[in-house]
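As structure tokens, the structure follows; a few thoughts come after it.
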Amino acid sequence: MERTAVVIGGGASGIFCAINLARESENVRVIVLEKSARLLAKVSISGGGRCNVTHDCSDIRDMAEAYPRGKHFVRKAFHTFFSPDTVDWFASRGVKLKTEKDGRMFPVTDSSATIINCLLREADQFKVDIRIQTAVTGLRRRDEKWEIDTERGHVKEKVEADFVCVATGGYPKATQYDWLRETGHSIVPPVPSLFTFNAPDDPITKLMGISAEKAEIRIPAWKIRETGPVLITHWGVSGPAVIRLSAWLARDMHACDYTTTVWINWLPSYTEQSFRETLHGYRNTHGSESVIGKSPFGLANRLWEYLAKKAGVEQETWARLPAAVQNKLASLVTAYPLVIKGKTTFKEEFVTAGGISTSEVNPDTMESRLQPRLYFTGEVLDVDGITGGYNFQHAWTSGMKAARHISLNTVS
Ligand SMILES: Cc1cc2nc3c(=O)[nH]c(=O)nc-3n(C[C@H](O)[C@H](O)[C@H](O)COP(=O)(O)OP(=O)(O)OC[C@H]3O[C@@H](n4cnc5c(N)ncnc54)[C@H](O)[C@@H]3O)c2cc1C
């Protein structure tokens with residue numbers, strides 16, 4: 001007996017679910033309903049057009065640590081489809097991935113089109129019925145079937161299915177999840193994750209383009225710190241350390257309307273105290289040299305000069321530097337207070353924190369714990385990772401798990 005499985009959403013997780021399901025079960029008709037005119041739109045623009053497909057990691061526990069929300073959920077899910085499986089899946093279809101030194105994995109072609117073509121070829125080969133410009137507006141159970149309301153322009157239609165996989169990605173507004181609430185599921189309120197910090201009132205933004213390769217950014221009130229590259233932009237600060245911090249603090253920052261103070265240690269191998277002592281020693285050995293001029297500790301010259309002037313340094317040599325100014329300099333280098341007012345979405349990658357509560361979904365199958373034969377995959381779940389290929393890995397894993405479980409359930 002032929003069964004029908006409808007996948008709602010033609011993004012990474014929906015298409016991955018659909019093609020694996022269509023390949024693994026001959027007696028299932030697989031339909032994808034996609035509201036926009038384009039499939040895999042985010043894959044196309046992801047990773048600056050190169051698509052950061054996954055992260056090079058062979059330890060599930062380590063990988064799970066990269067998910068500010070959903071860590072326990074992905075840890076269970078990854079057991080049967082993990083990042084090495086993603087690499088193999090694409091390799092067996094002729095798509096080789098390469099690893100960059102920070103662990104991010106891209107197709108060797110450096111083009112997201114390679115990933116898209118591979119996925120769409122499979123969809124074609126296994127005859128997935130793809131219906132674009134078809135938005136789903138309602139979903140309910142009718143006896144043993146699912147009834148799905150769709151809108152295609154002005155045409156409203158109902159589609160019937162035995163299995164439904166919701167792969168609609170993240171929505172910025174809570175009301176956009178309303179049609180899913182009808183299934184009885186709870187929605188964790190959505191907030192954005194992966195953003196950069198605006199500091200409109202701090203003149204440090206005049207140094208835009210300057211970066212510190214290794215800086216530490218911390219917010220003592222939330223007992224959190226991140227170390228890594230920090231880039232000064234014309235609106236504030238960006239760079240991997242900032243973006244990672246934004247992911248961990250997505251909810252706290254939203255709650256305070258993105259207004260807080262962060263402290264930057266531009267030379268994190270020093271504490272304020274140890275840097276004071278270092279400056280003291282430096283003053284003894286380099287007394288005749290001017291403080292402003294060449295940056296003595298590996299900071300960009302312009303950043304050093306800015307910090308020194310802000311501390312009150314004028315044209316003095318190290319020997320003539322007043323102790324109070326020297327101490328102020330040590331403080332600004334190791335604990336620079338930056339007042340944050342607002343955020344800017346990181347253009348390379350942004351995700352929604354929040355969505356379908358993971359407590360209501362089985363991580364081994366992606367099936368709803370409330371409604372049999374209803375599945376959730378990808379970003380629609382309250383799961384999100386930091387940047388580096390983690391969000392796509394969750395999309396592939398959850399898509400594959402739903403496909404396998406639906407396939408298992410259709411063997412009759
Ligand atoms: C600019 C950008 C770059 C990114 N780069 C990376 C990266 O390099 N690596 C990485 O790991 N992550 C990256 N991400 C995150 C990653 O793209 C997402 O986490 C991932 O695409 C989620 O997949 P998904 O299938 O769950 O959702 P999506 O890819 O968002 O797909 C959901 C689909 O469902 C459709 N849809 C929504 N509602 C309905 C409805 N009611 N009816 C029908 N269709 C509907 C949408 O139109 C969309 O096509 C990036 C994100 C952005 C925005």
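Everything numeric here is computed off the predicted structure, so don't read it as measured data. First listed ligand is number 1; within each ligand, the first listed atom is number 1.
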Margin query: List ligand 1 atoms under 4.0 Å from N391, heavy atoms only on the residue side.
Written below: 11 (O), 12 (N), 15 (C), 19 (O)
Next item on the list: For atom 37 (C) of ligand 1, find the nearest protein heavy atom and state the residue, atom name and distance (0.1 Å precision).
Entry: T168 O, 3.3 Å
Next item on the list: Please confirm whether S36 comes within less than 3.5 Å of ligand 1 when only nitrogen or oxygen atoms on both sides are compared.
Entry: no
Margin query: What protein heavy atom lies closest to atom 22 (C) of ligand 1? Include the residue and the distance to one decimal.
Written below: E379 OE1, 3.5 Å
Next item on the list: Could you tell me whether the side chain of D143 and the main chain of K145 form a donor-acceptor pair under 3.5 Å?
Entry: no
Checklist line | Within-shell test, G389 vs ligand 1, heavy atom, strictly < 4.0 Å | finding: yes
Next item on the list: Please confirm whether T134 comes under 4.0 Å of ligand 1, counting heavy atoms of the residue only.
Entry: yes
Notebook entry, point to check: Can you check whether A395 has an N/O within less than 3.5 Å of an N/O in ligand 1?
Noted result: no
Next item on the list: Output yes when a side-chain donor or acceptor of S246 lies under 3.5 Å from a complementary backbone atom of S193, and no otherwise.
Entry: no
Next item on the list: Can you pull out the closest protein heavy atom to atom 25 (O) of ligand 1? Residue, atom name and distance to 0.1 Å, please.
Entry: S13 N, 2.9 Å
Next item on the list: Could you tell me which residues satisfy side chain to side chain contact (heavy atoms under 4.5 Å, CB included) with R121, sequence neighbours excluded, listed by chain and number?
Entry: N117, C118
Checklist line | Ligand-residue contact atoms, ligand 1 with S46, heavy atoms, under 4.0 Å | finding: 3 (C), 4 (C), 5 (N), 6 (C), 7 (C), 8 (O)
Check: Relative to the heavy atoms of W179, which atoms of ligand 1 are at a distance of less than 4.0 Å?
Finding: 41 (N)
Checklist line | For atom 11 (O) of ligand 1, the option (of F106, Y171, F392) bearing the nearest heavy atom | finding: F392
Note to self: Give the atom numbers and elements of ligand 1 that come within less than 4.0 Å of a heavy atom of G378.
What the structure shows: 26 (O)
Check: Can you list the ligand 1 atoms lying under 4.0 Å from a non-hydrogen atom of A135?
Finding: 42 (N)
Next item on the list: Output yes when a side-chain donor or acceptor of K401 lies under 3.5 Å from a complementary backbone atom of A77, and no otherwise.
Entry: yes
Notebook entry, point to check: Got a donor-acceptor contact below 3.5 angstrom from the T134 side chain to the I132 backbone?
Noted result: yes
Check: What is the nearest protein non-hydrogen atom to atom 9 (N) of ligand 1, stated with its residue, atom name and distance?
Finding: N52 O, 3.1 Å
Notebook entry, point to check: Considering only the protein, which heavy-atom contact is closest to atom 27 (O) of ligand 1, and what is its distance?
Noted result: G169 CA, 3.3 Å
Checklist line | Which segment of K35 sits under 4.0 Å of ligand 1 when only heavy atoms are counted | finding: both
Note to self: For the backbone of T227 and the side chain of R218, can you confirm whether one donor and one acceptor N or O come within less than 3.5 Å of each other?
What the structure shows: no
Next item on the list: Would you check if the side chain of S274 reaches a backbone N or O of Y270 as a donor-acceptor pair within less than 3.5 Å?
Entry: no
Note to self: Under a 3.5 Å distance rule, please check whether T196 uses its side chain to pair with a backbone N or O of T344 as donor and acceptor.
What the structure shows: yes
Margin query: Between S92 (side chain only) and W89 (backbone N and O only), is there a donor and an acceptor less than 3.5 Å apart?
Written below: yes
Margin query: I'd like to know if R373 and E367 make a salt bridge, using a cut-off of under 4.0 Å between side-chain N and carboxylate O.
Written below: no
Notebook entry, point to check: If you measure from the Lys or Arg side-chain nitrogens to the Asp or Glu carboxylate oxygens, is any gap between E157 and R131 under 4.0 Å?
Noted result: no
Check: How far is atom 51 (C) of ligand 1 from its nearest protein heavy atom, and which residue and atom is that?
Finding: F350 O, 3.5 Å
Check: At a 4.0 Å threshold, what atoms of ligand 1 neighbour a non-hydrogen atom of I45?
Finding: 1 (C)
Notebook entry, point to check: Tell me: protein heavy atom nearest atom 35 (C) of ligand 1, and distance?
Noted result: E34 OE1, 3.2 Å
Note to self: Considering G9, S398, A167 one by one, which has a heavy atom nearer to atom 32 (C) of ligand 1 than any of the others?
What the structure shows: A167
Notebook entry, point to check: Centres of the W396 and F81 rings: under 6.0 Å?
Noted result: no
Check: Near Y390, which atoms of ligand 1 are under 4.0 Å from a heavy atom of that residue?
Finding: 11 (O)
Identify all side-chain donor-acceptor contacts of residues 294-311 below 3.5 Å with residues at least two apart in sequence or on another chain.
residue : atom : partner : partner atom : Å
S295    : OG   : L299    : N            : 3.3
S295    : OG   : L299    : O            : 2.7
N301    : OD1  : S295    : N            : 2.8
R302    : NH2  : K206    : O            : 3.2
W304    : NE1  : V291    : O            : 3.0
E305    : OE2  : K309    : NZ           : 3.0
Y306    : OH   : D202    : OD1          : 3.2
Y306    : OH   : I204    : N            : 3.4
Y306    : OH   : Y336    : OH           : 2.8

Note to self: Using a 3.5 Å distance criterion without hydrogens, assess whether the side chain of N362 forms a donor-acceptor pair with backbone atoms of D364.
What the structure shows: yes
Next item on the list: Would you mind running through ligand 1 and noting each atom that sits below 4.0 Å from a heavy atom of V351?
Entry: 15 (C), 19 (O)
Item checked: For atom 12 (N) of ligand 1, closest protein heavy-atom neighbour -> E349 OE2, 3.5 Å
Notebook entry, point to check: Taking non-hydrogen atoms only, is L33 closer than 4.0 angstrom to ligand 1 via side chain, backbone, both or neither?
Noted result: backbone
